[in-house]
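Below, chain A is the first sequence line, B the second, and so on; all start at residue 1.
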There are 2 protein chains.
Amino acid sequence: MENLQVNIKIDARLYLRDPDSTALGRRIVASGIELIHSLGFEQFTFKKLGEHIGSPESSIYRYFESKHALLIYLVSWYWSWIDYKLVFATINIDDPAVKLDRAITQLLLPIEEDTSISHVNEVLLHEIVIAESSKIHHTKDVENNNEKGCFHKYKQVIERVSNIVLEVNPTFKYPHMLVSTLIEGIQQQRYFAEHLPSLTDVQHNEDAISAFYKSLVFKTVA
Amino acid sequence: MENLQVNIKIDARLYLRDPDSTALGRRIVASGIELIHSLGFEQFTFKKLGEHIGSPESSIYRYFESKHALLIYLVSWYWSWIDYKLVFATINIDDPAVKLDRAITQLLLPIEEDTSISHVNEVLLHEIVIAESSKIHHTKDVENNNEKGCFHKYKQVIERVSNIVLEVNPTFKYPHMLVSTLIEGIQQQRYFAEHLPSLTDVQHNEDAISAFYKSLVFKTVA
DNA sequence: TTTTTTATGATAGTAATACTAGTATATTTG
DNA sequence: CAAATATACTAGTATTACTATCATAAAAAA
């Protein structure tokens with residue numbers, strides 16, 4: 001991908017103070033990603049993050065009201081970034097089938113660090129999304145979070161791919177179900193391949209995941 | 001289904017003391033289901049459960065080493081029960097396609113309380129599995145839990161349905177991926193329909209979920 | 001029936017978590 | 001240079017997720 005300077009803008013309701021606007025904020029995000037990745041979300045605390053960046057936890061609380069809010073911010077960032085890559089991958093392509101194929105390919109592509117966006121390590125963030133993002137949906141305050149726009153970027157990706165599905169087959173009845181099944185399925189298979197290989201047909205073999213989901217989507221849409 | 005007296009046996013490594021063997025144990029399971037359902041897993045504590053059943057939390061810790069262990073026990077119980085129902089639904093059926101159709105139907109069936117198994121409310125348990133079961137996989141000790149057999153019953157269900165898929169099409173390469181995508185997808189769509197309707201094509205419409213997944217499976221396997 | 005074992009209850013205690021509050025000191029901005 | 005704002009430092013709290021101890025009650029073995 002071109003080395004364009006991109007700015008991922010995140011809905012102001014998802015933070016108390018914009019972490020992108022200060023050095024401390026960027027350190028919270030950058031080190032937050034590293035620590036959530038290495039400790040796992042449950043073992044991760046603002047206290048540990050504070051020690052890691054040499055700031056008191058009370059300073060972190062000025063940016064995010066809780067560690068859950070930080071996770072929601074990171075996951076939103078991720079989906080914004082994926083959405084941007086999807087736009088890029090499918091722009092100026094006329095044949096809907098090719099467009100869909102490219103979109104799926106993009107979703108299945110292994111993540112490389114995107115040097116154009118400095119303080120975020122996309123490789124680690126991607127692994128966080130695989131391992132932890134179910135925790136932002138499965139809480140008693142999903143509905144509130146939904147109203148606050150926490151899942152907006154994720155919906156936008158689903159919407160974008162759904163529309164391509166409809167271009168391929170305008171009579172297809174369940175585009176959102178198909179696309180959310182696809183996206184969640186990809187994440188899940190990657191997680192299983194890494195942590196519970198007995199549950200899948202692949203071991204660290206991204207090609208199998210790609211082959212399976214491409215065929216699944218095209219057969220289902222047809 | 002017939003009103004047979006069934007006994008769901010759970011691997012002894014999943015508890016400290018068998019909750020099925022004592023009145024207190026059964027109360028822990030029965031009230032545990034109610035409380036996890038009403039509070040959500042993060043708000044649920046052994047202290048609250050103790051107050052609810054009139055026992056100190058230290059007594060509950062004699063049965064389960066943590067609330068996570070209780071959740072794992074409940075989810076294993078659920079998949080044992082589903083596996084039993086799958087066996088029942090597919091027994092003595094020769095045509096593989098019919099067998100697969102029945103298996104999928106069973107997985108998609110709305111849950112009714114099974115009066116033959118007294119102290120477990122299967123309707124609530126099913127909703128717990130939908131909302132909370134991702135929390136037993138997505139932790140830093142998945143691998144340990146996997147070795148302890150925590151996910152064995154779930155695997156058994158996947159294995160059983162995968163084998164039926166292979167009967168339909170012996171050359172199909174990814175039966176486990178298909179079946180786990182199916183099972184997780186069903187749960188996810190139900191969760192979305194209930195809590196995040198904007199992410200799906202259905203509102204409380206189980207028929208759409210059934211229609212979509214049946215067509216997806218048969219088209220993919222063919 | 002008595003003894004012994006085992007299960008439960010009652011109470012206490014601990015380290016860690018997820019915050020909140022207040023005040024002093026930098027740092028930035030006008 | 002003054003005023004506003006951000007950060008650091010310190011302290012404190014309620015809750016959580018346990019663990020430990022000891023007395024008692026109930027069940028099983030003798």
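Distances were taken from every side-chain heavy atom of B:Glu57 (C-beta onward) to each of D:dA8, C:dA10, D:dC18; the shortest belongs to D:dC18. With distances taken from any side-chain atom of A:Arg17 to the nucleotides D:dC18, D:dT7, C:dT17, the minimum falls on D:dT7. Nearest to the side-chain atoms of A:Pro56 among the listed nucleotides C:dT8, D:dT10, C:dG22 stands D:dT10. Checked against D:dC9, C:dA18, C:dT8, the side chain of A:Ser58 finds its nearest nucleotide in D:dC9. In the set D:dA8, C:dG9, D:dA6, C:dG9 carries the atom at the smallest distance from any side-chain atom of B:Ser59. Comparing atom distances between the B:Tyr61 side chain and each of D:dT19, D:dT10, C:dG9 picks out D:dT19 as nearest. When distances are taken from the side chain of A:Leu24 to each of D:dC22, C:dT11, D:dA8, the shortest belongs to D:dA8. Taking every side-chain heavy atom of B:Ser66 into account, D:dC18 is the closest of C:dT17, D:dC18, C:dT11.
A:Asp83 has a carboxylate O that lies under 4.0 Å from a charged side-chain N of A:Arg160, or vice versa, which qualifies the two as a salt bridge.
In this structure, B:Phe64 atom CZ and C:dT8 atom P are separated by 13 Å, rounded to whole Å. The CG-C1' distance, from A:Leu16 to D:dT7, rounds to 15 Å in whole Å. Atom CG of A:Leu71 is separated from atom P of C:dA18 by 13 Å (rounded to the nearest Å).
Side-chain nitrogen and oxygen atoms of B:Lys67 include at least one within less than 4.0 Å of the OP1 or OP2 phosphate oxygen of D:dA17.
Ring planes of A:Tyr154 and A:His137: tilted class, angle from 30 to 60°. Ring geometry, A:His138 versus B:Tyr191: the interplanar angle falls from 30° to 60°, so the pair is classed tilted.
Residue-to-nucleotide proximity on DNA chain C shows that, of A:Glu42 and A:Arg62, the 5′-proximal contact is made by A:Glu42.
Checked against the 6.0 Å centroid threshold, B:Phe192 and A:His176 do not count as a close aromatic pair.
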